[in-house]
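Since this is a predicted model, take the numbers as computed values, not measurements.
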Amino acid sequence: AASGSTERPRGPSPTAALRTPPTAALRTPPTTAPPSTAYPMTAAPDRTAATRASYDAVAGYYADAMSDELRHKPLDRALLTVFAEQVRQVGPGQGRVLDVGCGPGHVTAFVAGLGLNAAGLDLSEAMIAQARQRHPDLPFSVGSMTALPDCDGSQDGLVSFYSLIHMIEDADLRAALGQYRRVLADDGLLLLAVHAGTEVRHSTDWFGTDVDVLFRFFDPPWLRAELEQAAFAVESLTLREPYPGAEVPTLRAYFLARAR
């Protein structure tokens with residue numbers, strides 16, 4: 001929890017969680033979940049359905065808590081700005097970008113504000129409803145990162161901030177990376193962010209709501225090898241420590257990779 005407590009308020013308005021810097025949200029594993037290298041016995045057989053239902057349940061709380069997160073994260077803003085500058089040089093310069101796992105659309109909106117033709121996609125219908133409400137001028141759609149609806153080579157850039165963390169099985173991760181490469185034009189850019197490590201965390205309570213969601217951490221050298229196997233050339237790998245008081249205290253890894 002944001003205050004360091006393991007308790008979260010129940011009820012329709014968890015104000016205590018929203019008055020403090022957002023540390024538990026779609027893109028950050030809750031601190032209430034103990035580290036684990038084993039899959040929890042309580043995991044739902046249909047992991048995708050459980051993940052979708054969990055985000056649907058907390059979408060409003062999450063959007064309220066996280067929509068201004070970039071204001072507290074200067075390195076994230078800088079990396080997105082560098083990404084945008086290079087995406088404008090891909091192909092005819094249309095700057096087509098898909099934000100995969102967009103949540104309430106704040107990263108999509110930031111990228112659009114940098115002059116790119118940005119759209120967002122998320123597994124959760126409730127998250128997409130939040131995105132459309134908050135950013136009505138941008139296109140958002142419901143979909144899965146393992147079956148992207150976009151045509152081959154239709155994007156010049158792709159942002160994936162803390163989206164792959166729900167790809168618990170290696171096969172699902174590889175399916176998602178394959179989709180990322182498929183929809184990117186040759187020389188297109190991927191900006192990817194994950195939690196660095198080797199554990200899997202499980203959360204059953206989020207903003208005072210019952211959930212069932214897993215968060216996977218990735219070993220950066222291992223993930224780099226997976227990106228290269230998926231026909232990406234990693235141009236930079238940036239590690240940063242967490243911003244105190246602004247997010248869950250985990251090591252972050254950012255990959256800027258070009259479609260080969």
- Message: Can you confirm whether Met145 sits close enough to Tyr180 that some side-chain heavy atom of one is under 4.5 Å from a side-chain heavy atom of the other?
- Response: yes
- Query: Under 4.5 Å between any side-chain heavy atoms of Leu192 and Leu227, yes or no?
  - Reply: yes
- Message: Are the side chains of Val159 and Val107 in contact, using a 4.5 Å heavy-atom criterion?
- Response: yes
- Output yes when Arg252 and Glu241 qualify as a salt bridge under the 4.0 Å nitrogen-oxygen rule, no when they do not. no
- Does one side chain, of Thr209 or Tyr61, offer a donor that lies under 3.5 Å from an acceptor on the other? no
- Query: Can you list every pair that meets salt bridge (Lys or Arg N to Asp or Glu O under 4.0 Å) and has a residue in residues 132-145, with sequence neighbours left out?
  - Reply: Asp64-Arg134
- Query: Of all heavy-atom pairs between Val194 and Phe255, which one has the smallest distance, and what is that distance?
  - Reply: CG2-CE1, 4.4 Å
- Query: Near Gln94 CD, under 6.0 Å, is it more than 12 heavy atoms from other residues, nucleotides or ligands?
  - Reply: yes
- Message: Please list all pairs meeting side-chain hydrogen bond (donor to acceptor under 3.5 Å, both in side chains) that have one or both residues in residues 221-239, counting only residues at least two apart or in different chains.
- Response: Arg174-Glu226, Arg224-Glu228, Glu235-Arg258
- Item | Check: Thr108 main-chain N/O paired with Asp99 side-chain donor or acceptor under 3.5 Å | yes
- Report yes if the distance between the aromatic ring centroids of His166 and Tyr55 is under 6.0 Å, otherwise no. yes
- Item | Any residue meeting side chain to side chain contact (heavy atoms under 4.5 Å, CB included) with Ala126, in chain and number order, not counting sequence neighbours | Asp56, Ala59, Ser124
- Query: What are the two closest heavy atoms between Ala63 and Pro104, and how far apart are they?
  - Reply: CB-CB, 3.7 Å
- Message: If hydrophobic clusters are built by linking Ile, Leu, Val, Met, Phe, Trp and Tyr wherever their side-chain heavy atoms come under 4.5 Å apart, do Val211 and Ile165 end up in the same one?
- Response: yes
- Which residues, ordered by chain and number, are linked to Leu138 in its hydrophobic cluster, where ILVMFWY side chains connect at heavy-atom gaps below 4.5 Å, directly or through other members? Ile128, Phe140, Val142
- Message: If you define the side chain from C-beta out and look only at heavy atoms, does anything of Tyr162 sit under 4.5 Å from His195?
- Response: yes
- Note on the structure: Residues pairing under salt bridge (Lys or Arg N to Asp or Glu O under 4.0 Å) where one sits in residues 108-119, two or more places apart or in two chains, turn out to be none
- Heavy-atom pair with the smallest gap, counting every atom of Asp122 and Gly103: OD2-N, 2.8 Å
- Query: Would you say the side chain of His202 lies within less than 4.5 Å of the side chain of Val213, judging by non-hydrogen atoms?
  - Reply: no
- Query: Closest approach of Ala253 and Pro220, non-hydrogen atoms and distance?
  - Reply: CB-CG, 4.2 Å
- Task: Give the intermediate values and the outcome of side-chain contact (heavy atoms from CB on, under 4.5 Å) for residues Thr250 and Arg201.
- Result: CA-CA 12 Å; Thr250 65; Arg201 297 186 184 183; 4.2 Å; yes
- Message: Check this for me, if you would: do Asp212 and Arg47 make a salt bridge, where the nitrogen-to-carboxylate-oxygen distance has to be below 4.0 angstrom?
- Response: yes
- Message: Under the rule for side chain to side chain contact (heavy atoms under 4.5 Å, CB included), what residues qualify as partners of Ser141, not counting sequence neighbours?
- Response: Leu121
- Task: Determine, step by step, whether Phe232 and Arg260 satisfy the side-chain contact (heavy atoms from CB on, under 4.5 Å) criterion, reporting the C-alpha distance in whole Å, the side-chain angles of both residues, the deciding distance to 0.1 Å, and the verdict.
- Result: CA-CA 5 Å; Phe232 285 99; Arg260 296 184 298 197; 5.7 Å; no
Under 3.5 Å, sequence neighbours excluded: what are the donor-acceptor pairs made by side chains of residues 74-84?
residue: Asp76; atom: OD1; partner: Arg240; partner atom: NE; Å: 3.3
residue: Asp76; atom: OD1; partner: Arg240; partner atom: NH2; Å: 3.2
residue: Asp76; atom: OD1; partner: Tyr254; partner atom: OH; Å: 2.9
residue: Asp76; atom: OD2; partner: Tyr254; partner atom: OH; Å: 3.0
residue: Arg77; atom: NH1; partner: Leu70; partner atom: O; Å: 2.6
residue: Arg77; atom: NH1; partner: Arg71; partner atom: O; Å: 3.1
residue: Thr81; atom: OG1; partner: Arg77; partner atom: O; Å: 2.8

- Mind jotting down which residue pairs meet the salt bridge (Lys or Arg N to Asp or Glu O under 4.0 Å) criterion with at least one end in residues 149-158? Sequence neighbours excluded, please. Arg96-Asp156, Asp152-Arg182
- Sequence neighbours excluded, the answer for side-chain hydrogen bond (donor to acceptor under 3.5 Å, both in side chains) partners of Thr51 is none
- Excluding sequence neighbours, so at least two apart, what forms side chain to side chain contact (heavy atoms under 4.5 Å, CB included) with Pro139? Ala119
- Message: A side-chain contact here means heavy atoms from C-beta on lying under 4.5 Å apart; do Leu184 and Leu98 qualify?
- Response: no
- Look at Asp170 together with Arg216 and state whether they make a salt bridge at an N to O cut-off of under 4.0 Å. yes
- Nearest heavy-atom neighbours spanning Ala196 and Phe217: O-CD2, 3.5 Å
- Residues which pass side-chain hydrogen bond (donor to acceptor under 3.5 Å, both in side chains) with Asp186, listed by chain and number, not counting sequence neighbours: Arg181
- Message: Quick check: closest heavy atoms across Phe161 and Ala193, and the distance to 0.1 Å?
- Response: CD1-CB, 3.7 Å
- Item | Derivation and outcome, side-chain contact (heavy atoms from CB on, under 4.5 Å), residues Leu177 and Leu164 | CA-CA 9 Å; Leu177 292 180; Leu164 288 178; 3.9 Å; yes
- Task: Using a 4.5 Å cut-off on heavy atoms from C-beta on, say whether the side chain of Glu69 contacts that of His106.
- Result: yes
- Message: Do Ile168 and Leu173 have side chains that approach each other closer than 4.5 Å (heavy atoms only, starting at C-beta)?
- Response: no
- Message: Among residues at least two apart in sequence or on other chains, which ones pass side-chain hydrogen bond (donor to acceptor under 3.5 Å, both in side chains) with Ser54?
- Response: none
